[in-house]
Amino acid sequence: MTRRDKNATALVRDLLAWYSAHKRPLPWRDAPAPYRVWVGEVMSQQTTLKVAVPRFEIFVARLPDAAALAACPEDVLRRLWAGLGYYARARNLQKGARYVTDDLAGALPGTCAGWLDVPGCGPYTAAMVASMCFGERVPAVDGNVVRVASRLLGMAEGVWTKDGQARIREFAAERVRLSDAPGDFNQALMELGATVCRKARPACGSCPIASACRAREDGAADRIPQPRPRKAGVDTRVVCVVLLARGRVALARRERGFLSGTVGFPVVTEGSREARDLLDILGRIPGARIRAAQGAFRHTITHHRIHGSILVALLPARGSPRVVEAELGRALGVSDFSWSNRAGVRDALGAALDRKALDLLEAP
DNA sequence: TACCCGTGGGC
DNA sequence: TGCCCAAGGGT
């Protein structure tokens with residue numbers, strides 16, 4: 001055994017010992033079942049465990065297996081996903097469940113490679129399921145692991161380059177191979193990153209593998225990894241369209257752009273062709289009355305700072321809204337109109353932006 | 001490959 | 001209040 005192997009073995013051992021003593025409870029962590037790990041990991045992507053865990057419990061209670069998820073109505077799934085954002089993940093999760101029921105006869109894959117074929121399941125999630133549930137020695141590299149590994153390796157630069165990412169991946173792969181508990185090892189690296197090897201003010205004094213850390217040796221732990229280059233913020237002005245007819249409010253599924261796939265008010269970018277088409281269509285409806293609601297709201301989606309206003313269109317009681325629906329649907333990129341009564345609107349809204357718009361609308 | 005996608009919580 | 005951030009994957 002080379003000295004490097006020996007050091008790597010010691011690191012794996014020390015990390016696992018630390019994990020055993022310090023791991024936080026997670027509902028899919030102990031006695032991990034593939035479905036629960038899959039759902040739990042996808043729900044946790046790009047969000048915080050604090051937000052994801054309570055929703056996980058509700059989700060798996062309502063949809064305990066892939067068959068239930070595959071058969072789940074769209075609005076139920078939407079409610080189960082509320083507050084988690086990135087709605088494409090929920091749709092992909094269900095797509096994955098349908099892949100399992102339709103193409104795999106309901107049997108969840110038993111290998112990392114098999115999980116990679118599941119829609120919405122990428123290298124990270126596949127490795128988590130395979131290592132936790134099947135003991136497969138595959139590295140799961142998430143943001144925490146990138147931070148921990150880049151510090152251990154003392155990567156003062158290049159962390160975010162292709163080569164840097166490959167180096168980190170290889171680092172994790174070499175070590176998970178040495179472990180008899182690869183699932184625990186993967187989770188241990190992440191747990192260390194989340195609780196000790198934090199982005200800000202890393203607690204190197206509490207780190208079980210500090211002696212192997214190049215960044216700490218260099219006194220550079222708080223400078224590694226370098227912040228990833230950030231996209232510049234963009235200001236966007238949008239108009240939420242509130243169609244009213246016979247005391248009901250029109251909601252529809254947005255088919256493109258922001259919030260694609262979610263149900264809510266049709267939204268158009270201010271000054272866009274869609275906005276002009278909207279006014280044109282509304283203007284041709286006999287008896288329709290249009291007004292701008294007072295005030296505005298703010299909402300941020302990724303790097304977009306959205307300034308929202310509201311256009312209220314009161315449609316005449318006579319006449320079917322069907323024609324308007326079809327025309328507006330094409331012009332605004334929405335479909336499946338539904339008309340909610342006042343009490344039911346909020347519950348039917350699929351995105352935080354819609355709720356802010358409704359807040360403004362209902363404001364005194 | 002670079003860019004896209006939401007939200008709630010912390011500070 | 002406003003900004004930053006967090007257990008990625010699709011395209």
Side-chain angles (χ1 to χ4, degrees), chain A residues 19 23-29 32 36-56 78 81-93 95-96 115-129 131-132 139-148 160-163 165 169 172 183-195 197-201 225 227-236 238 254 256-262 264 267 297-308 349-356:
Chain A
Y19 176 68
K23 66 177 172 182
R24 298 167 296 178
L26 269 188
W28 61 91
R29 174 161 273 174
R36 289 168 61 86
V37 174
W38 174 30
V39 171
E41 293 299 338
V42 171
M43 290 185 95
S44 304
Q45 285 170 16
Q46 301 294 288
T47 186
T48 55
L49 292 178
K50 179 162 194 156
V51 172
V53 165
R55 286 168 170 80
F56 170 84
R78 196 205 77 227
W81 205 262
L84 286 170
Y86 286 122
Y87 307 109
R89 287 181 302 152
R91 291 195 298 277
N92 283 333
L93 195 61
K95 199 168 164 187
W115 276 95
L116 282 174
D117 289 335
V118 176
C121 189
Y124 165 76
T125 307
M128 285 305 285
V129 177
S131 63
M132 288 177 66
V141 179
D142 76 331
N144 289 303
V145 174
V146 169
R147 185 169 55 256
V148 171
W160 306 111
T161 64
K162 189 178 169 186
D163 287 352
Q165 292 290 302
R169 184 166 194 81
D184 285 347
F185 177 78
N186 282 332
Q187 293 182 87
L189 268 184
M190 295 193 302
E191 191 80 347
L192 188 74
T195 63
C197 195
R198 301 172 300 230
K199 174 175 301 220
R201 297 180 298 103
R228 189 203 291 262
R230 200 162 287 286
K231 285 174 284 287
V234 177
D235 290 297
T236 311
V238 304
R254 294 169 284 235
R256 55 180 192 244
F258 290 133
L259 306 173
S260 176
T262 62
V267 177
F297 63 91
R298 303 283 283 165
H299 186 66
T300 302
I301 295 178
T302 64
H303 62 294
H304 300 270
R305 295 182 296 263
I306 298 170
H307 176 100
L349 297 175
L353 181 144
D354 298 301
R355 290 189 284 279
K356 290 185 180 179

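Just so we're on the same page: letters track the sequence lines, and every chain starts at 1.
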**Prompt:** Counting any heavy atom closer than 4.0 Å, what does Gly40(A) reach on the DNA or RNA strands: base, sugar-phosphate only, or nothing?
**Reply:** nothing
**Prompt:** Expressed in angstrom and rounded to an integer, what is the separation of Arg254(A) atom CZ from dC5(B) atom P?
**Reply:** 13 Å
**Request:** Assign Glu191(A) to base, sugar-phosphate, or nothing according to its heavy-atom contacts below 4.0 angstrom with the strands shown.
**Result:** base
**Prompt:** Given the P atoms of dG10(C) and dT1(B), what is the spacing between them in whole Å?
**Reply:** 16 Å
**Non-hydrogen side-chain atoms of Phe258(A) and His304(A) separated by less than 4.5 Å** = yes
**Prompt:** Looking at Phe56(A), Trp28(A), Trp115(A), which one forms a ring-ring contact (aromatic ring centres under 6.0 Å, His included) with Trp38(A)?
**Reply:** Trp115(A)
**Message:** Measure CZ/Arg89(A) against P/dG10(C) and give the value in whole Å, please.
**Reply:** 12 Å
**Request:** Considering just the side-chain nitrogens and oxygens of Lys199(A), establish if one lies under 4.0 Å of OP1 or OP2 belonging to dA6(C).
**Result:** yes
**Request:** Pick base, sugar-phosphate or nothing for Thr300(A), based on heavy-atom distances below 4.0 Å to the nucleic acid.
**Result:** base
**Request:** For Asp235(A) and dG2(C), give me the distance from atom CG to atom C1', rounded to whole Å.
**Result:** 13 Å
**Prompt:** For Arg55(A) and dG6(B), what is the distance between atoms CZ and P respectively, to the nearest whole Å?
**Reply:** 16 Å
**Prompt:** Is the closest side-chain donor-acceptor distance between Gln187(A) and Arg29(A) under 3.5 Å?
**Reply:** yes
**Request:** For the side chain of Lys50(A), starting at C-beta, report the closest nucleotide among dG10(B), dC4(B), dG6(B).
**Result:** dG10(B)
**Request:** Please state whether the phosphate of dG6(B), meaning OP1 or OP2, lies under 4.0 angstrom from any side-chain nitrogen or oxygen of His303(A).
**Result:** no
**Request:** Under 4.0 Å between any heavy atoms, over every strand shown, what does Arg230(A) touch: base, sugar-phosphate, or nothing? Just pick one.
**Result:** sugar-phosphate
**Message:** Is it the case that the side chains of Lys231(A) and His303(A) hold a donor-acceptor pair, with the cut-off being a distance below 3.5 Å and no angle test?
**Reply:** no
**Request:** Round to a whole Å and report the spacing from CZ of Arg201(A) to P of dC5(C).
**Result:** 14 Å
**Prompt:** Does Asn92(A) have a side-chain nitrogen or oxygen under 4.0 Å from the phosphate oxygens OP1 or OP2 of dG9(C)?
**Reply:** no
**Message:** Give me the distance, rounded to whole Å, that separates dT11(C) from dG6(B) when you measure between the P atoms they each carry.
**Reply:** 13 Å
**Geometric cation-pi criterion, Arg228(A) with Trp160(A): 6.0 Å, 45°** = yes
**Item:** C1'-based separation of dA2(B) from dA7(C) [nearest Å]
**Value:** 23 Å
**Length of the line joining Ile306(A):CD1 and dT7(B):C1', which is rounded to integer Å** = 12 Å
**Request:** Check every strand shown and say whether Gly85(A) touches a base, only sugar-phosphate, or nothing at a heavy-atom separation below 4.0 Å.
**Result:** base
**Message:** By the 4.0 Å heavy-atom rule, please label Leu259(A) as base, sugar-phosphate, or nothing.
**Reply:** sugar-phosphate
**Prompt:** Run the side chain to side chain donor-acceptor pair (under 3.5 Å) check on Arg147(A) and Asn144(A) step by step: do they pass?
**Reply:** CA-CA 5 Å; Arg147(A) 185 169 55 256; Asn144(A) 289 303; 2.7 Å; yes
**Request:** Please determine, for the side chain of Thr48(A), which listed nucleotide (dG6(B), dG9(C), dA6(C)) has the closest atom?
**Result:** dA6(C)
**Request:** Ignoring backbone atoms, test whether Thr47(A) places a side-chain nitrogen or oxygen under 4.0 Å from the OP1 or OP2 oxygen of dA7(C).
**Result:** no
**Closest-nucleotide 5' rank along DNA chain C - winner of Arg305(A) and Gln46(A)** = Arg305(A)
**Message:** Can you tell me which nucleotide in dC5(B), dA6(C), dT7(B) comes closest to the side chain of His304(A)?
**Reply:** dC5(B)
**Request:** Give a yes or no on whether the backbone of Leu349(A) and the side-chain of Asp354(A) come within a donor-acceptor separation of less than 3.5 Å.
**Result:** no
**Request:** Can you figure out which of dG9(C), dG9(B), dG6(B) approaches the side chain of Thr125(A) most closely?
**Result:** dG9(C)
**Request:** Give one of base, sugar-phosphate or nothing for Ala351(A), where a contact means two heavy atoms less than 4.0 Å apart.
**Result:** sugar-phosphate
**Item:** Leu84(A) CG to dG9(C) C1', straight-line distance once rounded to whole Å
**Value:** 16 Å
**Request:** Starting from the 5' end of DNA chain C, give me the residue, Leu26(A) or Pro119(A), whose nearest nucleotide shows up first.
**Result:** Leu26(A)
**Message:** Between P on dA7(C) and CG on Leu189(A), what's the gap in Å once rounded to a whole number?
**Reply:** 13 Å
**dA7(C) OP1/OP2 closer than 4.0 Å to side-chain N/O of Gln45(A)** = no
**Item:** 5' precedence on DNA chain B between Lys162(A) and Leu353(A) (nearest-nucleotide basis)
**Value:** Lys162(A)
